[in-house]
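For the numbers below, each heavy atom of this structure counts, side chains included, while hydrogens, waters and symmetry mates do not. Just follow the structure's listing: the first ligand is 1, and inside any ligand the first atom is 1.
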Amino acid sequence: MQKTLVIFKPSAMERGCVGQILTRFQQKGLIISGLKMMRLDEAILREHYSHLVEKPFFPILLKTMMASPVIVACLAGVDVINVVRMMTGATNGRDAQPGTIRGDFAMSNQENIIHASSSAEDADAEIRRFFKPEEIFEWPPAYMDFIYSTLEIDE
Ligand code: UDP
Ligand code: MG
């Protein structure tokens, strides 16, 4: 089953909305395959945000991503990368649709609550960046037949 990476950024940690957001993912029917708390350092952030290192806002982004510990989650589901991106909403919380996580919890382009992988290639690299293989669990829950048709999970 497809997997994606979510980071509960310091904006979620400081504002105490991790539980509410994790509940949304669980309510949707996504499976938690990995979950842990960690501090991010400059080296991992330079790798994770390599597409942004030349941007003028990068030093401030680095600082805010290191402002508190974060929680990283690996979520599993059919088409989960796209589903989680849709649930996350536009980068800028002010542009994000109401009903999305950023639309409901964020007013900022930077302090936007969570990171979510944006492609299959990124998800694969990001899961390996933040989790050891033994920290990812394959455990199709007993209720799977009521989340998907068997035709959907056989793919
Ligand atoms: N970011 C920012 N200012 C910008 C654009 C991005 O501070 O003008 C931060 C923001 O926290 C964003 C992260 O950099 O979530 C990664 O940017 P990306 O374009 O990959 O957006 P995302 O995939 O998070 O929607
Ligand atoms: Mg991105």
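Every atom of ligand 1 is numbered from 1 in the order shown, and the set under 4.0 Å from a heavy atom of K9 is 10 (C), 11 (O), 12 (C), 15 (O). For ligand 1, the atoms sitting less than 4.0 Å from at least one non-hydrogen atom of N112 are 10 (C), 11 (O), 12 (C), 15 (O), numbered in the order shown with element in parentheses.
Each of V72, L22, V70, I113 was evaluated against F8; a single residue qualifies, L22, per the side-chain contact (heavy atoms from CB on, under 4.5 Å) test.
Ligand 1 lies out of reach of K55, whose nearest heavy atom is not under 4.0 Å from it. Heavy atoms of H48 come nearer than 4.0 angstrom to ligand 1 in no pair at all. Heavy atoms of H51 come nearer than 4.0 angstrom to ligand 1 in at least one pair. Using a non-hydrogen distance threshold of 4.0 Å, E111 does not register as a contact of ligand 1.
The single protein non-hydrogen atom nearest to atom 7 (O) of ligand 1 is Q110 CB, 3.3 Å, given as residue, atom name and distance. Protein heavy atom in closest approach to atom 9 (C) of ligand 1: L61 CD1, 3.7 Å. For atom 17 (O) of ligand 1, the closest non-hydrogen atom of the protein is L52 CD1, 3.4 Å. The nearest protein atom to atom 1 (N) of ligand 1, hydrogens excluded, is given as F57 CE1, 3.6 Å; this is a heavy-atom distance. Regarding atom 22 (P) of ligand 1, its nearest protein heavy-atom neighbour is T91 OG1, 3.6 Å. Among all protein heavy atoms, the one lying closest to atom 23 (O) of ligand 1 is R85 NH1, 2.9 Å. The protein non-hydrogen atom at the shortest distance from atom 24 (O) of ligand 1 is R102 NH2, 3.0 Å. With hydrogens left out, the protein atom closest to atom 8 (O) of ligand 1 is N109 ND2, 3.0 Å, a heavy atom.
The closest side-chain heavy-atom distance from M144 to M1 is below 4.5 Å. Counting heavy atoms from C-beta on, the side chains of F137 and I31 never come closer than 4.5 Å. With a 4.5 Å cut-off on side-chain heavy atoms, L62 and Y49 do not count as touching. Using a 4.5 Å cut-off on side-chain heavy atoms (C-beta onward), T150 and D145 make contact. M65 has its side chain within reach of K9: a pair of non-hydrogen atoms, C-beta onward, lies under 4.5 Å apart. A 4.5 Å side-chain heavy-atom check between V80 and F25 finds every atom pair outside the cut-off. Counting heavy atoms from C-beta on, the side chains of V84 and K28 never come closer than 4.5 Å.
A chain of hydrophobic side-chain contacts below 4.5 Å, direct or via other Ile, Leu, Val, Met, Phe, Trp or Tyr residues, connects L75 to I21.
Residue Y49 has no nitrogen or oxygen atom sitting less than 3.5 Å from a nitrogen or oxygen atom of ligand 1, judged on distance alone.
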### Query
Does the pair D104 and R24 meet the rule for a salt bridge (charged side-chain N to carboxylate O under 4.0 Å, His left out), with working shown?
CA-CA 12 Å; D104 290 352; R24 288 188 180 210; 2.8 Å; yes

